[in-house]
Number of protein chains: 2
Amino acid sequence: MKTLKELSDELKRNNIRLTHQRLKVLEYLSNSKTHPTVEEIYSALKKEVPSLSKTTIYNTLNYLSELNLIKALTIDENEAHFDADTHTHGHFKCSACGKIYDFDINIDSFDTEHLNNFEINEKIVYFKGICPRCLSNINIE
Amino acid sequence: MKTLKELSDELKRNNIRLTHQRLKVLEYLSNSKTHPTVEEIYSALKKEVPSLSKTTIYNTLNYLSELNLIKALTIDENEAHFDADTHTHGHFKCSACGKIYDFDINIDSFDTEHLNNFEINEKIVYFKGICPRCLSNINIE
DNA sequence: TTTCCTCTTTGTAATGGTTACAAGTTATTA
DNA sequence: TAATAACTTGTAACCATTACAAAGAGGAAA
């Protein structure tokens, strides 16, 4: 998980101004462990920054993604989720509750001999299924 | 890659009627190795079946996905791609040309001790980068 | 064949996440 | 302070996908 300072410094380094709005988005994301969507970030920050526009959030997140400071997750079919943790790890999405979990996985141990002539820039691992919490709820019913 | 017969039989078994339109979609997908989108399937089949509607293609593909006879790929941010090959394998998307390649990978060898209490139903691996063809084109320029 | 019922197809409209754009605002530099 | 560039905002456009209703097609039973 990236700290607010790391994100801010990196933006400065890329000549991207650290505005109040951007700082709020960075702060929210770097403190979050739930892989929030734009909508979630928006409704959370709207209280503190009433003038905030969704476009600003999209802009900020897109900048950060381009700079590889955050990751956009496409594990959810209809909405992007964002993750301030860019160290390679897996994501598990529960089909019942929709929650997205992190899990450690040694992606670089994959045998990828078939991709010898490919330049690999990103390795993504998504698992889907039912989380323990939902499994126990099903058993109760 | 699923044969047309396998797909047809499985649909019959699930009491889904094998209409002319559905057979065409199944046939196209089972012969395809390029992970086509709905748009591609539509424009290819429209010539043969002029009355064909996009909704029918969505319906058919959704049925097949629910029955786990095909896989919907979300490696592309803005459009779903479909794959008649359901044996677990990885997908590599070239960021330059957009082409999606298959590659073999032993996903079950992953160490997933952190997910001991999770019910895992699907394992997805996406790699992104530049394919050999585009790499050599860049070198020429 | 005829009737009935159900499933399917089709076109259009609606949905919803995301992006484009223009106008106004803010920051930076000189 | 003025000038320039970057940023924010709201609205409108975009586009893949889904919802829906009406028309069409197929199978079962008589």
Side-chain angles (χ1 to χ4, degrees), chain A residues 7-8 10-28 35-67 70-82 93 98 100, chain B residues 7-8 10-28 35-67 70-82 93 98 100:
Chain A
L7 289 174
S8 310
E10 198 61 34
L11 285 189
K12 276 188 201 156
R13 211 167 294 138
N14 284 275
N15 288 321
I16 296 177
R17 286 185 193 160
L18 277 178
T19 61
H20 181 56
Q21 291 90 336
R22 282 177 180 163
L23 278 170
K24 281 295 175 187
V25 174
L26 296 188
E27 185 184 31
Y28 185 87
H35 318 92
T37 62
V38 167
E39 181 59 41
E40 283 164 356
I41 300 173
Y42 177 71
S43 53
L45 295 182
K46 187 75 179 173
K47 299 162 195 163
E48 294 179 68
V49 190
S51 77
L52 189 64
S53 159
K54 255 184 208 175
T55 304
T56 299
I57 299 176
Y58 276 105
N59 285 341
T60 304
L61 295 175
N62 287 344
Y63 269 128
L64 295 169
S65 292
E66 283 165 25
L67 298 173
I70 64 172
K71 290 291 173 196
L73 311 183
T74 59
I75 195 172
D76 192 333
E77 283 77 25
N78 60 326
E79 214 176 353
H81 291 252
F82 293 88
K93 185 191 171 198
I100 297 173
Chain B
L7 290 173
S8 311
E10 199 61 34
L11 285 189
K12 276 188 200 157
R13 211 169 294 138
N14 284 276
N15 287 322
I16 296 177
R17 284 185 195 158
L18 277 180
T19 62
H20 181 57
Q21 290 89 338
R22 281 177 181 162
L23 278 171
K24 281 294 176 188
V25 173
L26 296 189
E27 186 185 31
Y28 185 87
H35 319 93
T37 63
V38 167
E39 182 59 41
E40 284 163 357
I41 301 173
Y42 177 71
S43 53
L45 296 182
K46 188 76 178 171
K47 300 162 195 161
E48 294 180 67
V49 191
S51 77
L52 189 64
S53 159
K54 253 185 208 174
T55 305
T56 299
I57 298 176
Y58 277 106
N59 284 341
T60 304
L61 295 174
N62 287 344
Y63 270 128
L64 294 169
S65 292
E66 282 166 25
L67 297 172
I70 64 172
K71 290 290 174 197
L73 310 183
T74 59
I75 195 173
D76 193 334
E77 283 77 25
N78 61 327
E79 213 175 354
H81 291 252
F82 293 88
K93 186 191 171 196
I100 297 173

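Order of the sequence lines fixes the chain letters, A, B, ..., with proteins taken first and strands second; residue numbering starts at 1 for each chain.
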**Prompt:** Does OP1 or OP2 of D/dG27 have a side-chain N or O of B/Arg17 closer than 4.0 Å?
**Reply:** no
**Asked** Rounded to whole angstroms, how far apart are CD on A/Gln21 and C1' on D/dT9?
**Response** 9 Å
**Prompt:** At under 4.0 Å between heavy atoms, what does A/Thr37 touch on the DNA or RNA strands: base, sugar-phosphate, or nothing?
**Reply:** nothing
**Request:** Give me the one residue out of B/Leu61, B/Leu18, B/Ile70 that meets side chain to side chain contact (heavy atoms under 4.5 Å, CB included) with B/Leu26.
**Result:** B/Leu18
**Request:** Identify the 5'-most and 3'-most nucleotides of DNA chain C with at least one atom closer than 4.0 Å to a non-hydrogen atom of chain B.
**Result:** C/dT6 to C/dT12
**Request:** Check side chain to side chain contact (heavy atoms under 4.5 Å, CB included) between A/Ala72 and all other residues, then give those that pass, not counting sequence neighbours.
**Result:** A/Ser65, A/Phe82
**Request:** At under 4.0 Å between heavy atoms, which parts of nucleotides 12-20 of chain D does protein reach? Answer with one letter per nucleotide, 5' to 3': B base, S sugar-phosphate only, - none.
**Result:** ----SBBB-
**Prompt:** Side chains of B/Lys93 and B/Leu73: does their closest heavy-atom pair fall under 4.5 Å?
**Reply:** no
Solution key, residues 48-58 of chain B side-chain donor-acceptor pairs under 3.5 Å, sequence neighbours excluded:
| from | atom 1 | to | atom 2 | distance (Å) |
| --- | --- | --- | --- | --- |
| B/Glu48 | OE1 | B/Lys24 | NZ | 2.8 |
| B/Ser53 | OG | B/Thr55 | N | 3.1 |
| B/Lys54 | NZ | B/Glu39 | OE1 | 2.6 |

Does [X] have any side chain to side chain donor-acceptor pair (under 3.5 Å) partners at least two apart in sequence or in another chain, and if so, which?
X       : value
B/Asp76 : B/His81
B/Tyr28 : none
B/Glu66 : none

**Request:** List the atom of A/Leu67, the atom of A/Ile16, and the distance in Å for their closest heavy-atom pair.
**Result:** CD1-CD1, 3.9 Å
**Prompt:** Listed in order of residue number, which residues of residues 41-49 of chain A have a non-hydrogen atom at under 4.0 Å from DNA chain D?
**Reply:** none
**Asked** Can you check whether B/Thr60's main-chain N or O pairs, donor with acceptor, with B/Arg22's side chain at less than 3.5 Å?
**Response** no
